[in-house]
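Quick notes on the structure that follows.
Positions are given from 1 along the sequence.
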Amino acid sequence: MSELAGVTSLASNALKQEELFPIREVSRLTGVNPVTLRAWERRYGLIQPTRTDSGHRLYSQADIDAVRSILAWIERGVAVSKVGSILAKSASSRTAPAPAYSEVSGDDWSQWQEQLRSALQHFDEASVARLYGQIFSCYPLPVVFQDILMPVWQELLLRQDDPGQRSEWLMLDAFLRGRCWQRLQLGRDESRQRVLLVALPNHCRELELLVAALLLGSHDIDVTVMGPGTPLTDLALVCERMQPHALVIFSQQPPGDELPRQLTRLALGLQCPLLLAGEGADLAEESLAGSPIACLGSEARLMQRRLRQFLAGHLDT
């Protein structure tokens with residue numbers, strides 16, 4: 001009897017994973033109207049929904065995630081005509097994330113996210129704080145931020161024109177920034193290897209930088225953050241005085257043509273290694289091949305693993 005129940009449970013999970021959504025539901029979930037969704041499909045080939053026998057479009061969860069990625073790049077100022085090549089390049093540069101938690105807990109993550117959205121809709125900061133603590137009691141830090149909290153933050157950011165959404169985003173953003181700073185300060189340990197993390201000017205929001213600091217840190221690496229807006233021209237002097245074991249530049253934007261030259265020039269003036277992290281690192285990896293700059297990528301587990309390997313001398317640039 002228990003064996004039959006197990007088979008039934010597996011079948012149920014498979015059906016959930018294959019659930020398809022009509023275009024009106026995708027529009028509701030993402031805030032993108034059906035006309036735009038069709039244009040992204042026909043004109044740019046950005047999404048490829050399946051079709052019913054009668055020709056109606058059906059979208060998978062992967063399609064919905066793709067729509068949100070498209071919106072994120074557009075929000076960063078990238079033209080929709082260029083998004084397809086960026087997504088393809090980013091995907092080809094990225095190593096698959098560690099399988100732990102991903103298959104087992106996907107439905108649980110959605111439930112936590114729904115509870116978080118509900119708390120934010122009621123502007124109930126006490127409930128947001130309670131959920132934050134409960135989520136951390138269930139999952140490791142990379143899952144908490146990359147798979148559960150930041151997707152909700154990004155979703156609200158992209159829908160700020162909808163009634164109430166900007167206020168919800170502001171509440172979540174302020175709450176998470178406070179908690180990130182708190183974790184960074186409480187985790188400070190001068191006996192560990194010190195890494196300085198700085199954002200390229202105008203290439204990310206403060207919370208993204210703080211989350212990156214938490215994801216890069218470990219039991220043997222202490223990450224110090226300098227807030228967004230730090231000039232690249234100051235970094236050689238800053239590193240001379242701080243003496244970090246490495247400088248990590250963080251970017252969530254597509255790299256400009258001048259970036260490899262800028263970073264190479266910066267690296268020549270440093271007494272420590274220079275590394276690049278974030279979405280920008282995925283996209284710049286090819287252009288930085290053969291340079292003294294190492295690319296850490298953007299996926300949480302990959303970034304930390306590469307940083308530790310580099311500091312241990314096991315990762316080439």
With Ser137, which residues qualify under side-chain hydrogen bond (donor to acceptor under 3.5 Å, both in side chains), at least two apart?
none

How long is the span from the CZ atom in Arg192 to the NE2 atom in His245, to the nearest 0.5 Å?
12.5 Å

What do you reckon, is CG of Asp65 surrounded by more than 12 foreign heavy atoms closer than 6.0 Å?
yes

Who pairs with Asp189 by side-chain hydrogen bond (donor to acceptor under 3.5 Å, both in side chains), at least two apart in sequence or on another chain?
Ser191

What's the spacing between Arg130 CZ and Glu125 CD if we round to 0.5 Å?
13.0 Å

Results of salt bridge (charged side-chain N to carboxylate O under 4.0 Å, His left out) for Arg183 - residues two or more places apart only:
none

Min side-chain heavy-atom separation Leu116-Leu149 under 4.5 Å:
yes

Please identify each residue that fulfils ring pair (Phe, Tyr, Trp, His ring centres under 6.0 Å) with Phe250, with sequence neighbours left out.
none

Between Arg159 (side chain) and Gln154 (backbone), is there a donor-acceptor pair under 3.5 Å?
no

Can you label the angle between the Trp109 ring and the Tyr139 ring as parallel, tilted or perpendicular, going by 30° and 60°?
perpendicular

How far apart are the C-alpha atoms of Asp222 and Gln193, what are their side-chain angles, what is the distance that settles it, and do they pass the side-chain contact (heavy atoms from CB on, under 4.5 Å) test?
CA-CA 6 Å; Asp222 189 62; Gln193 289 181 294; over 6 Å; no

Look at the side chain of Gln304 and the backbone N and O of Gly217, then say whether any donor-acceptor pair between them is shorter than 3.5 Å.
yes

Donor-acceptor contact present, side-chain Gln160 to main-chain Leu157, <3.5 Å
yes

What distance separates Ile86 CD1 from Asp282 CG, expressed to the nearest 0.5 Å?
11.5 Å

Minimum side-chain heavy-atom gap Leu210-Leu184 below 4.5 Å:
yes

Go through it in stages, so that I can follow the logic: the residues are Arg68 and Glu75, the test is salt bridge (Lys or Arg N to Asp or Glu O under 4.0 Å), and I'd like the CA-CA distance, side-chain angles, deciding distance and then a yes or no.
CA-CA 10 Å; Arg68 288 174 174 153; Glu75 192 269 337; over 6 Å; no

Between Ala281 and Leu296, the two heavy atoms sitting closest are CB-N, 4.4 Å

Could you measure the distance from the CZ atom of Arg306 to the CZ atom of Arg301? Nearest 0.5 Å is fine.
14.5 Å

Separation between CD of Glu206 and SG of Cys180, rounded to the nearest 0.5 Å
9.5 Å

pair Pro49-Leu58: side-chain heavy atoms closer than 4.5 Å
no

Only pairs at least two apart or in different chains count here, so list each salt bridge (Lys or Arg N to Asp or Glu O under 4.0 Å) that has a residue in residues 37-52.
Glu41-Arg51, Glu41-Arg57

Correct closest heavy-atom pair for Val223 and Arg188 would be O-NH1, 2.9 Å

Gap between atom CG of Leu197 and atom CG of Leu214 - 0.5 Å precision
10.0 Å

Scan residues 227-243 for pairs that pass side-chain hydrogen bond (donor to acceptor under 3.5 Å, both in side chains), counting only residues two or more places apart or in two chains.
none

I'd like to know if the side chain of Glu168 reaches the main chain of Leu120, judged simply by a donor and an acceptor atom lying under 3.5 Å from each other, with no hydrogens or angles considered.
no

For Asp173 versus Leu207, what's the shortest heavy-atom pair and its separation?
OD1-CB, 3.7 Å

Are the side chains of Asn33 and Leu37 in contact, using a 4.5 Å heavy-atom criterion?
no

Quick one: does any side-chain atom of Ser27 pair with a main-chain N or O of Val32 as donor and acceptor, under 3.5 Å?
yes

List for me each residue that meets side-chain hydrogen bond (donor to acceptor under 3.5 Å, both in side chains) alongside Ser218, sequence neighbours excluded, and say none if there are none.
Asp220

Any side-chain heavy-atom pair of Pro228 and Leu209 under 4.5 Å
yes

Tell me whether Gln113 contacts the main-chain N or O of Asp147 through its side chain, where contact means a donor paired with an acceptor under 3.5 Å.
yes

Between Asp63 (side chain only) and Ser60 (backbone N and O only), is there a donor and an acceptor less than 3.5 Å apart?
yes

Smallest heavy-atom separation, Ala129 atom then Phe175 atom, equals CA-CZ, 3.6 Å

Closest heavy-atom pair and its distance - Val248, Leu307:
CG2-CD1, 4.4 Å

Between Leu235 and Ile249, is any pair of side-chain heavy atoms under 4.5 Å apart?
yes

Once ring pair (Phe, Tyr, Trp, His ring centres under 6.0 Å) is applied, do any residues pair with Phe21, and if so which ones, sequence neighbours excluded?
none

Here the side-chain hydrogen bond (donor to acceptor under 3.5 Å, both in side chains) pairs for residues 252-266, sequence neighbours left out, are Glu208-Gln252

Would you kindly check if the NZ (Lys) or CZ (Arg) of Arg166 is within the cone defined by 45 degrees around the ring axis of Trp169 and under 6.0 Å from the six-membered ring centre?
no

Side chains of Leu215 and Leu141: closer than 4.5 Å at any heavy-atom pair?
yes

For Asp124, enumerate each residue passing the side-chain hydrogen bond (donor to acceptor under 3.5 Å, both in side chains) test, keeping only those at least two apart in sequence or located in another chain.
Ser127

For Thr30 and Val26, indicate whether the former's side chain and the latter's backbone hold a donor-acceptor pair under 3.5 Å.
yes

Which pairs with one or both residues in residues 40-63 pass ring pair (Phe, Tyr, Trp, His ring centres under 6.0 Å), sequence neighbours excluded?
none

Minimum heavy-atom distance Pro260-Gly256, with the two atoms named:
CD-O, 3.8 Å

Are any of the side-chain heavy atoms of Pro244 and Cys239 separated by less than 4.5 Å?
yes

Does Ser167 reach the main-chain N or O of Gly164 with its side chain, forming a donor-acceptor pair under 3.5 Å?
no

Partner residues of Glu114 under the salt bridge (charged side-chain N to carboxylate O under 4.0 Å, His left out) criterion, sequence neighbours left out
Arg117

Whether Ser118 side chain and Gln115 backbone form a donor-acceptor pair below 3.5 Å
no

